[in-house]
Each structure stands twice: as structure tokens, then as C-alpha cells.
Amino acid sequence: DCPTKPTQVNGRTRNRHDPDEMSVRARSLQLPRGTVAYLEQGGTRPDFAAQRSFTQGEGVGYWHGVLASEGLDVRLVEPRRWKNALGLTARDKDASREMAIGLCRELCPHLPHLQDRFRLKKHHGWAEAFLIAAYGHASSGEPHGRLRERDPLSAILARLARPRRKKGEESAPAPET
């Protein structure tokens, strides 16, 4: 969860990013200088109100500054790149959670509590953050967003990725268990 604090904006109290608490959280991770951190690049969409676009851009800027000030190598990832590479759509939050849970099962079968972090619908943000980090590692900054060949994490992600369907195509029936 992104730390926020109540702030007065045009005579109204609004929750705004708390860069001081963001710094505290980043520092508490004690990551070595030079560690690569993948951050989803913000942007506007036609359905975004001006306030939402501003807040999202502000948050990306704060996180970029906080992570860079901790000596991390911050790399921005376009949402469409990582989602396309993993076969996800922008609007399907459940698919992100399901993929994150599947990835946790594959990578950390001995840590079932990690899977619980993505159990509820409201946890889609955590799931997407986990997938962005996994995608960043598996693509290793490849400019076209493709996953690396012969990389164990890339193989798991490819297996978990949903095949993209063309418009009008029905999904294949689920295999019986």
C-alpha cells in the first residue's frame, strides 16, 4: 500500500502521497546500492480525470525519486509492455491476481502465506507489483518487452500467461480435473 497522509487541497482534506513515509519504507528494505527496481510508468488514459492523472504522475515521480535516492537503479516499465508479454489485459484484475498466485506457488511453494497477499480482489495492485518485478527480471530490460529465452522465470511466466484471443474468439474450455 502506498503511504498517504491527509492534506488540505483547495479547502478540502484529501489523501496525498507521503514521501517521508515512502522513504522510510524504501530504506527499511536495506537493498544494496545498484539493485534494480522496476516501476510502472504512469500515463493518462481517456477515462482518467485530470485529478487522477495528476495524482498518478505525482506518485510515480515520488517513488522514482525515493528509490533513486536510496541508490537503486530505477527502470520504468510501460503497462502495455509487461501486460502484453504476460498475456494480460488492462481491465482484467482477476487474471493478474491469479497469475501472481500461480507464480508464488511455482517460486515459493514453501511460503503459502505469500499467496494469501493476492487472495482478495482489492489486492490486485500488490499482484501487479509482484508481476512487474517478475517481468522486469525475466525481460531484463529488453526494449520490446519480450521475455528472455532459456530463463527459468521466463519459462514459468510463459506457462502461466493466458493466450491472447482475437476479437470474437471464444475461450477454450477449462481442462477437467
Side-chain angles (χ1 to χ4, degrees), residues 1-4 16-48 52-108 111 114-115 117-118 123-162 164:
D1 297 324
C2 187
T4 59
R16 291 286 189 244
H17 295 94
D18 184 351
D20 295 329
E21 182 59 25
M22 292 162 94
S23 271
V24 168
R25 289 188 185 185
R27 198 170 301 116
S28 73
L29 296 173
Q30 299 180 348
L31 296 171
R33 293 182 78 69
T35 298
V36 178
Y38 293 94
L39 183 63
E40 187 176 56
Q41 183 175 344
T44 61
R45 292 194 337 221
D47 60 332
F48 278 13
R52 183 171 176 192
S53 295
F54 170 80
T55 304
Q56 183 186 38
E58 180 185 55
V60 170
Y62 278 142
W63 277 116
H64 194 275
V66 164
L67 296 172
S69 73
E70 290 300 313
L72 303 181
D73 176 6
V74 181
R75 298 184 187 174
L76 296 176
V77 177
E78 291 180 46
R80 68 183 168 91
R81 292 254 189 244
W82 76 264
K83 288 184 178 190
N84 282 344
L86 301 183
L88 298 170
T89 64
R91 302 206 185 278
D92 193 354
K93 305 300 185 189
D94 284 336
S96 296
R97 289 186 318 99
E98 290 167 12
M99 182 178 273
I101 289 169
L103 186 57
C104 282
R105 283 187 188 128
E106 293 264 349
L107 295 177
C108 315
L111 300 173
L114 191 57
Q115 297 165 30
R117 298 284 276 168
F118 314 125
H123 298 155
H124 74 271
W126 292 347
E128 289 195 351
F130 182 70
L131 292 174
I132 289 167
Y135 163 79
H137 171 79
S139 69
S140 191
E142 210 277 342
H144 300 291
R146 290 186 290 267
L147 302 178
R148 291 181 297 182
E149 291 183 27
R150 293 186 294 279
D151 174 68
L153 181 57
S154 295
I156 294 169
L157 288 171
R159 191 171 59 252
L160 294 172
R162 289 186 169 185
R164 288 191 225 45

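Everything numeric here is computed off the predicted structure, so don't read it as measured data. Side chains included, hydrogens not; waters and symmetry mates left out as well; all remaining heavy atoms used.
Closest approach of Pro32 and Leu72 over heavy atoms only: O-CD2, 3.9 Å. Minimum interatomic distance between Gly59 and Met22 (heavy atoms only, all atoms of both residues): O-CE, 4.2 Å. For Ala133 against Tyr38, the heavy-atom pair with the smallest separation is O-CD1, 4.3 Å. Residue Leu86 comes nearest to Leu131 through the heavy atom pair CD1-CB, 4.1 Å, listed as atom of the first residue, atom of the second, then distance. The two atoms that bring Val66 and Ala26 nearest to each other are CG1-CB, 3.7 Å, heavy atoms only. Across every non-hydrogen atom of Val74 and Ala68, the tightest pair is CG2-N, 3.8 Å.
Neither side chain, Glu128 nor Trp82, offers a donor N or O lying under 3.5 Å from an acceptor on the other.
The distance from the CG atom of Leu31 to the CG atom of Asp73 is 12.5 Å, given to the nearest 0.5 Å. Note that OG of Ser139 and CD1 of Ile132 are 11.5 Å apart. Values are rounded to the nearest 0.5 Å. Atom CE in Met99 sits 11.5 Å away from atom NZ in Lys83 (nearest 0.5 Å). In this structure, CH2 on Trp63 lies 14.5 Å from CD on Glu40, to the nearest 0.5 angstrom.
No option in Glu78, Arg80, Arg81 other than Glu78 meets the side chain to side chain contact (heavy atoms under 4.5 Å, CB included) test with Gln41.
In this structure, the side chains of Val36 and His137 stay at 4.5 Å or more apart for every pair of heavy atoms. You'll find the side chain of Glu21 stays beyond 4.5 Å of the side chain of Thr4, heavy atoms only. With contacts defined as side-chain heavy-atom distances shorter than 4.5 Å, the pair His64/Leu76 qualifies.
Every residue meeting the salt bridge (Lys or Arg N to Asp or Glu O under 4.0 Å) condition with Glu70, not counting sequence neighbours, appears here in chain and number order: Arg27.
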